[in-house]
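Keep in mind it's a predicted model, so treat the numbers as computed, not measured.
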Amino acid sequence: VTWRQSVIFCNLLSKQQGLQPVYKILDGTNVEVDKTQNGYRLLTKKEWEEAALANQKTKYAGGNSVNTVGWYKTNAFTPGGWLGLHPVGQKASNGFGLYDMSGNTWEWCEDSSVRPGRKIVKGGGYRSQKDELRVITPDSMSYAADFNEMTANMQDQVAFRICRKM
């Protein structure tokens, strides 16, 4: 799923539930964010990291053992022997009861990358190395993806998590 598709989903869900959309889509690549609205939106990088850590000091969302909390390149083999997505909730949750914030799929964040035309993704996916699943990554490991297009081999590796103002 692309970043733009994620934003469109947030707006549609907001409207469906009688909420005010957060995003105003100006054209193919420009989107305004109005956080004063009460609709659904993507988490910022900082919000994503806070949700993943759940007031704990761990490497990964839910603990320090990557195999306990996340699917990644070493352990994400399906019964057919292929690397692939796994149903949510098969690994340990974090302190807030959130699953799969480390591994399985990358997650779009609202923030733009320092690279033009790219948005931040967090969490790592089933094809990732274990260090990519860390909640807090050094700037040298800041991940960004093109927010309008996904290559064929990335389409099932990026998803999104939403929130809203209460």
Next item on the list: Determine the minimum heavy-atom distance between Ala54 and Gly95, stating which atoms define it.
Entry: CB-N, 3.6 Å
Item checked: Non-neighbouring partners of Lys35 that pass salt bridge (Lys or Arg N to Asp or Glu O under 4.0 Å), sequence neighbours left out -> Glu110
Can you give each donor-acceptor pair under 3.5 Å made by side-chain atoms of residues 12-21, sequence neighbours left out, with the distance rounded to 0.1 Å?
residue : atom : partner : partner atom : Å
Ser14   : OG   : Cys10   : O            : 2.8
Ser14   : OG   : Tyr40   : N            : 2.7
Gln17   : OE1  : Tyr40   : OH           : 2.8

Next item on the list: Would you sort out whether Tyr60 and Thr58 count as a side-chain contact (heavy atoms from CB on, under 4.5 Å), showing the intermediate values?
Entry: CA-CA 6 Å; Tyr60 309 101; Thr58 57; 5.7 Å; no
Next item on the list: Using the test side-chain hydrogen bond (donor to acceptor under 3.5 Å, both in side chains), find all partners of Asp34 that sit at least two apart in sequence or belong to another chain.
Entry: Thr36, Gln37
Notebook entry, point to check: CG of Leu83 to CZ of Arg127: how many Å apart, nearest 0.5 Å?
Noted result: 7.0 Å
Next item on the list: Scan residues 157-166 for pairs that pass salt bridge (charged side-chain N to carboxylate O under 4.0 Å, His left out), counting only residues two or more places apart or in two chains.
Entry: Glu107-Arg161
Next item on the list: Any pair with a residue in residues 63-87 that passes salt bridge (charged side-chain N to carboxylate O under 4.0 Å, His left out), sequence neighbours left out, goes on the list, sorted by first then second residue, please.
Entry: none
Check: Residues two or more places apart in sequence or in another chain: which of them pass side chain to side chain contact (heavy atoms under 4.5 Å, CB included) with Ser6?
Finding: Val1, Leu42, Trp108, Phe160
Check: Taking only residues two or more places apart in sequence or in another chain, which ones pass side-chain hydrogen bond (donor to acceptor under 3.5 Å, both in side chains) with Asn75?
Finding: Asn67
Next item on the list: Return the set of residues passing ring pair (Phe, Tyr, Trp, His ring centres under 6.0 Å) with Phe77 (not counting sequence neighbours), or none when no residue passes.
Entry: none
Notebook entry, point to check: Trp71: what forms a ring pair (Phe, Tyr, Trp, His ring centres under 6.0 Å) with it, not counting sequence neighbours?
Noted result: His86
Next item on the list: Tell me, please, which residues at least two apart from Thr44 pass side-chain hydrogen bond (donor to acceptor under 3.5 Å, both in side chains).
Entry: Glu47
Checklist line | ILVMFWY clustering at 4.5 Å (side-chain atoms), partners of Tyr99 | finding: Val88
Next item on the list: Please list, chain by chain and in numerical order, all residues satisfying side chain to side chain contact (heavy atoms under 4.5 Å, CB included) with Val135, sequence neighbours excluded.
Entry: Trp48, Glu49, Ala52, Leu53, Ala61, Ser102
